[in-house]
Amino acid sequence: MTATVHLDHVSKIYKRGSRHGTIKEDVLRRRPAPNGGLLHAVDDVSFEIHPGEILGILGDNGCGKSTLLKLIAGITQPTEGTIEVSGTVASLLEVGVGFHPEMTGYENVRLSGALLGIPPQVLEERLPDIVAFAELEEFMDTPVKHYSSGMYLRLGFAVGAFVDPEVILVDEVLAVGDQLFQQKCNDHLRAVRNSGKTIVVVSHDMNVILSLCSRCILMDRGKLIGEGLPIDIISQYRQHLFLKAREMGQRPPSETTMWNRYGDFEARIERIQLLDGAGQPVSVLETGDPLVVELYWSGKKPLRYPTFAFSIIDDDERDVFTTATHFSYLDVETLEGGGVVRFTIDRLDLLEGYYSIQAGLAERPEGPGSAVDFYMGHDFQKGVEPFMVRPKPEDRGLSGAIKLPCRCEILTPEGQIISST
């Protein structure tokens, strides 16, 4: 299939100290610049987008998402590499930009249409649809300076949405209006996609990305570091945010699992690894898949009746599963030096959602049967190793956290079994 958008080793390089964008962009990009003050806003990026695709772009602020959209839109040109775009492009990057406050809604629609290159006759044909989509029929003769911010954005989105281009670029503008209007925007973009158009979406709203996009890419410091299905790239992005915050000694953002650690650290859990049934590292599983959790530990002194525990916690930090070596009657009187503790779950019957691991290492000097307080132990970690569970086809639509075995029977009024599982 011929690509609508093709980027081949594209880079956009700015010289630090020169104004190259908005004030917001300049502030976000204030970080140490290598190469003598040169900033690679986009760094050797290659990918294709095909007709009928909605591509989502994820990444931190200042990672190059908006620069990518401006390059595709032709607002700025690449320093290196080539960009090929087939057909016309509509940019919903800053909806409502260019509206004149003293002009009415109708006048601003006609002005925006002219700036976007829509022939007057075509614009007049589309005008009723634009007004109806924005839900502003009663206010179109009113100067837009009297509009609320939501009304202003709705009208701007409606104008851009009805340009009818081959490529639509959307940058953080899907949160306009109330939830019903947002749903209308999403439905409209799906309809545009189904007509064979190409759409590129930048959003920090993971629900938007999951519900709209067929494919995603992940950007970091101008580089493309991930590409694939939305559910996989979102999981990679959350893991990226978590590790980045931990490396900086900061608490991860609220939309990722929280980082907390307690203990005297006379013994430590050095690393936690999640593996699939084949022994390969994993961050995305399906309901019913096997899961292996390995705790790599080290100690400064011999441990008396040590116990190792782990829990699976959901996105609201609620425990959904907990186990420990002493719960499995796996007692060792003394351990020293270090090693690995492996927990194996043959079937992880969690339903769709985001989860993470909670792990602890403590001693029970009074021996087997004594109580354990992992908060007062050697090492206790919360919200590490985030992972995602997605449903198998037969589990789609199930709500809750856990899939439990359940027998079903259909009976007659007299109690005779018609069918059973």
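Counting from 1, the numbers follow the sequence of the chain as shown.
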Query - Value rounded to 0.5 Å, distance of OG1 in T344 from CD in E294 - result: 8.0 Å
Report summary line: In short, side-chain hydrogen bond (donor to acceptor under 3.5 Å, both in side chains) pairs touching residues 267-279 with sequence neighbours left out are E270-S298, R271-Q273
Query - salt bridge (charged side-chain N to carboxylate O under 4.0 Å, His left out): pairs with one or both residues in residues 54-69, sequence neighbours excluded - result: D60-K244
**Report entry** For S112 against V159, the heavy-atom pair lying closest together
**Finding:** CB-CG1, 3.8 Å
**Report entry** Heavy-atom closest pair, residues V10 and L71
**Finding:** CG1-CD1, 4.0 Å
Query raised in the report: Got a sec: does the CD of Q121 have more than 12 other heavy atoms crowding it under 6.0 Å?
Result: no
Query raised in the report: So, T287 side chain and L350 main chain: donor-acceptor pair closer than 3.5 Å or not?
Result: yes
Report task. Dump the intermediate steps for side chain to side chain contact (heavy atoms under 4.5 Å, CB included) on E166 and K197, then the final yes or no. Result -> CA-CA 5 Å; E166 277 71 39; K197 310 297 184 182; 4.0 Å; yes
Query raised in the report: Taking only residues two or more places apart in sequence or in another chain, which ones pass salt bridge (charged side-chain N to carboxylate O under 4.0 Å, His left out) with D187?
Result: R190
Requested in this report: Scan for salt bridge (charged side-chain N to carboxylate O under 4.0 Å, His left out) pairs involving residues 207-216, sequence neighbours excluded, and state none if there are none.
Outcome: E53-R215, R215-E227
Query raised in the report: Do side-chain atoms of T4 reach the backbone of S86 as a donor and acceptor pair under 3.5 angstrom?
Result: no
Report summary line: Residue pairs passing the ring-ring contact (aromatic ring centres under 6.0 Å, His included) test with at least one member in residues 58-84, sequence neighbours excluded, are none
Report summary line: Across all chains, not counting sequence neighbours, the side chain to side chain contact (heavy atoms under 4.5 Å, CB included) partners of N194 are none
Report summary line: Nearest heavy-atom contact between A73 and V89 is CA-CG1, 4.1 Å
Report summary line: Heavy-atom closest pair (E107 atom, T104 atom, distance to 0.1 Å) is OE1-N, 2.8 Å
Query raised in the report: Mind checking what makes side chain to side chain contact (heavy atoms under 4.5 Å, CB included) contact with K392, not counting sequence neighbours?
Result: E286, D289, E394, D395
Query raised in the report: Which heavy atom in P386 sits nearest to a heavy atom in S356, and how many Å separate them?
Result: CA-CB, 3.9 Å
Query raised in the report: With sequence neighbours excluded, what pairs up with H188 under the side-chain hydrogen bond (donor to acceptor under 3.5 Å, both in side chains) test?
Result: none
Requested in this report: Examine distances only and state if a side-chain atom of S203 and a backbone atom of I209 form a donor-acceptor pair shorter than 3.5 Å.
Outcome: no
Query - Pairing residues for E138 by the salt bridge (charged side-chain N to carboxylate O under 4.0 Å, His left out) criterion, not counting sequence neighbours - result: none
Query - Plane angle bin for F157 and F133 - parallel if under 30°, tilted between 30 and 60°, otherwise perpendicular - result: parallel
Query - By salt bridge (charged side-chain N to carboxylate O under 4.0 Å, His left out) - contacts of D349 (at least two apart) - result: R347
Query raised in the report: Excluding sequence neighbours, so at least two apart, what forms side chain to side chain contact (heavy atoms under 4.5 Å, CB included) with D8?
Result: H6, S46, T82
Report summary line: CD1 (I269) and CD1 (I357) are apart, to the nearest 0.5 Å, by 11.0 Å
Report summary line: Taken to the nearest 0.5 Å, the spacing of Y355 OH from I312 CD1 works out to 8.5 Å
Requested in this report: State which residues pass ring pair (Phe, Tyr, Trp, His ring centres under 6.0 Å) with F310; sequence neighbours excluded, sorted by chain then number.
Outcome: F321, F343
Query raised in the report: Can you check whether I199's main-chain N or O pairs, donor with acceptor, with R193's side chain at less than 3.5 Å?
Result: no
Query raised in the report: Counting only N and O atoms by type, is there a donor-acceptor contact under 3.5 Å from the side chain of K12 to the main-chain atoms of Q77?
Result: yes
Query raised in the report: Does T79 use its side chain to pair, donor to acceptor, with the backbone of I13 at less than 3.5 Å?
Result: yes
Query raised in the report: Which atom names give the shortest non-hydrogen contact between G196 and P51, and what distance separates them?
Result: O-CB, 3.5 Å
Report summary line: Between the SG atom in C216 and the CD1 atom in I57, the distance rounded to the nearest 0.5 Å is 9.0 Å
